[in-house]
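Proteins come first, then strands; the chains are lettered A, B, ... in the order of their sequence lines, and each starts at number 1.
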Amino acid sequence: MKILVCISKTPDTTAKIAFADNNTKFASDGVQWIINPYDEWYALVRAIELKEADPSTVLHLVNVGAADSDPIIRKALALGGDEAIRVNTENADSFYIASQIAAIAKEGSYDLVFTGKETIDYNGSSIGGMVAELLDLPYISHAVKFTVEGGNAVVVREIEGGEETDKAAFPLVVSCQKGMAEQRIPNMKGIMGARTKPLRVVEPAAADSLTSIASFELPPAKAGVKLVSAETPEELVRLLHEEAKAF
Amino acid sequence: MSVLVFLDQADGHIKKSSFEAASYAAKVAELTGTTAEAIVLGIVNDDLATLGNYGIKTVHTVAEAALNNMDAQVFTNILSQAVENTSADVIVFSNNTTAKAIAPRLSVKLKAGLVSGAVALPDTSNGFTVKKTVFSGKAFAHIAVSTAKKIIALNPNSYTIVPASGSAAIAPFAATIGTAKVEVVSVNKVTGEVPLSEADIVVSGGRGLKGPENWGLVTELADLLGAATACSRPVADIHWRPHHEHVGQTGLAIAPNLYIAIGISGAIQHLAGVNRSKVIVVINKDPEAPFFKAADYGIVGDAFEVMPKIIDAVKKLKGVA
Ligand SMILES: Cc1cc2nc3c(=O)[nH]c(=O)nc-3n(C[C@H](O)[C@H](O)[C@H](O)COP(=O)(O)OP(=O)(O)OC[C@H]3O[C@@H](n4cnc5c(N)ncnc54)[C@H](O)[C@@H]3O)c2cc1C
């Protein structure tokens with residue numbers, strides 16, 4: 001089996017969110033970059049587990065980004081995977097990114113494409129579905145469990161208010177979330193090995209963008225907390241009922 | 001021209017968040033000088049004519065039992081036929097797991113720019129831009145959509161329904177359904193619980209509650225308020241509570257009217273998923289807990305002493321013995 005895992009670079013979860021150039025750009029000065037947690041903890045680790053269970057599995061990683069993505073790609077390779085492909089372009093919108101990934105997935109004839117359920121910066125939840133549509137493949141989103149049974153993919157996915165178990169033939173696209181796997185820490189052997197794994201840089205395919213970011217905005221600051229004494233919790237209930245009209 | 005809203009259903013009933021999306025679609029139609037229509041797939045038991053009360057003129061139905069479970073490819077194909085049939089140029093979804101499976105596919109199929117996680121009406125004063133959440137609720141972006149057709153996936157609880165009056169026409173739609181490539185083996189729904197993403201009130205517990213045996217403090221209050229329950233990430237990680245209750249940057253992002261956090265420190269990753277709640281209440285014994293900075297109301301105190309009193313006061317208010 002050939003697996004392609006999509007890896008996105010996002011600001012660390014504690015990064016200060018601020019904007020520059022008249023609120024048109026994310027202020028990235030001093031920001032630590034990480035692999036998007038959904039891509040790393042769930043998609044990548046589950047793919048590594050599949051390779052561990054069947055060593056004939058070929059596992060490739062793909063990132064759409066500029067050279068400043070290389071550190072997070074190396075970190076992903078330190079966790080596992082045979083090689084990485086970076087499509088050398090500044091990120092545009094999700095349709096453009098999905099078009100790049102679809103081109104790579106098609107060229108490499110992968111049986112399985114894994115993405116995270118969303119990125120923690122743009123929260124689009126759209127790359128997986130777009131890649132699947134571009135390739136005319138089934139797409140199972142919000143997967144919490146993935147196994148291969150009798151040559152088919154068996155996937156448990158989250159639906160509104162519960163879970164659904166699905167079965168589909170390969171090839172397919174799956175977006176991954178919590179439950180798929182447990183977070184791993186790269187070990188020394190992995191880190192050393194990652195340095196010599198191939199990182200292929202390819203030029204982007206021609207594709208459009210359908211949307212663009214006009215500007216950013218920060219939410220208004222809170223007015224400040226109104227504290228109620230621990231001696232009179234019923235006063236909190238009264239305030240929520242009468243003042244905030246919350247119930 | 002029209003605005004077409006996708007009504008998501010479960011077990012024969014339209015989901016609450018879809019009514020919000022319908023009302024939003026009606027407003028978009030008004031802003032762009034056209035009419036709002038809706039489409040619903042599968043067997044629905046609700047009286048669809050009442051969609052008129054949300055400003056919808058026509059509800060297109062494909063009442064096939066095969067569509068009771070969502071298949072992203074099949075649904076995308078039917079929706080693209082409906083878009084053509086209604087000449088829709090704006091397509092609206094409520095941004096739930098169903099929409100996240102279909103809207104991106106439809107975006108590709110129609111070459112329609114997609115804004116997922118929208119929180120406001122489009123601004124049409126200079127092109128077409130839609131405000132959406134980014135950085136997991138820590139900021140907003142205004143997204144300009146440059147394509148002729150546009151898709152908006154509206155976050156639940158971010159648009160206030162504008163009541164309208166009227167009765168929607170019901171129009172059965174003869175769509176080519178096609179066969180699903182994904183087989184649904186089984187569906188396992190948690191019934192009787194308020195779905196977290198749609199809840200008006202959420203009561204949430206953190207590691208400060210010490211263990212799953214103390215969760216009665218959370219669930220009792222939630223039951224009294226008709227609220228959904230949530231938890232912080234470590235609480236789900238150590239299996240005190242199920243994973244689907246985990247809110248925050250790497251869990252579910254929610255925006256209820258009222259979020260009550262008990263024994264949760266308010267780490268930045270937790271706040272990211274809940275800071276769009278209208279009213280935030282924090283109960284924590286540590287006056288320095290960062291959550292107080294993001295809260296509207298709070299009590300500095302021991303949850304084990306404070307919560308029973310709060311529960312009693314709510315019982316009194318609700319007239320429950
Ligand atoms: C990449 C990344 C992603 C993350 N994503 C998320 C996420 O999505 N969601 C999330 O929640 N976390 C997330 N975290 C974890 C986050 O950083 C915090 O560790 C976590 O939110 C803390 O959970 P907590 O508040 O329940 O526990 P703690 O931090 O242990 O806080 C417990 C709180 O309870 C209070 N307390 C103790 N006893 C009592 C009592 N008797 N009465 C009242 N109060 C009491 C304490 O004062 C304390 O404030 C993430 C972390 C990372 C690194």
Contact origin within [X] toward chain B - heavy atom pairs under 4.5 Å:
X         : answer
Thr10(A)  : neither
Glu118(A) : side chain
Ile17(A)  : side chain
Arg238(A) : neither
Asp136(A) : both

**OP:** Cation-pi check, Lys2(A) to Tyr110(A): give yes when NZ or CZ is under 6.0 Å from the six-membered ring centre and within 45° of the ring axis, no otherwise.
**Re:** yes
Original post:
Cation-pi between Lys150(B) and Phe128(B): NZ/CZ under 6.0 Å from ring centre and within 45° of the ring axis?
Top reply: yes
**OP:** Considering only heavy atoms, give the residues of residues 281-291 of chain B separated from chain A by less than 4.5 Å, sorted numerically, with 'none' for an empty result.
**Re:** Val281(B), Ile283(B)
Does the distance from a Lys or Arg side-chain N to an Asp or Glu carboxylate O, for [X] and [Y], drop under 4.0 Å?
X         : Y         : value
Lys117(A) : Glu158(A) : no
Lys178(A) : Asp237(B) : yes
Lys131(B) : Glu217(A) : yes

**OP:** May I have the step-by-step check of side-chain hydrogen bond (donor to acceptor under 3.5 Å, both in side chains) for Gln249(B) and Thr13(A), ending in yes or no?
**Re:** CA-CA 8 Å; Gln249(B) 186 145 17; Thr13(A) 53; 4.8 Å; no
**OP:** Take Ile260(B) and Leu221(B) through the test side-chain contact (heavy atoms from CB on, under 4.5 Å) and record every step on the way to the result.
**Re:** CA-CA 10 Å; Ile260(B) 303 178; Leu221(B) 181 61; 4.1 Å; yes
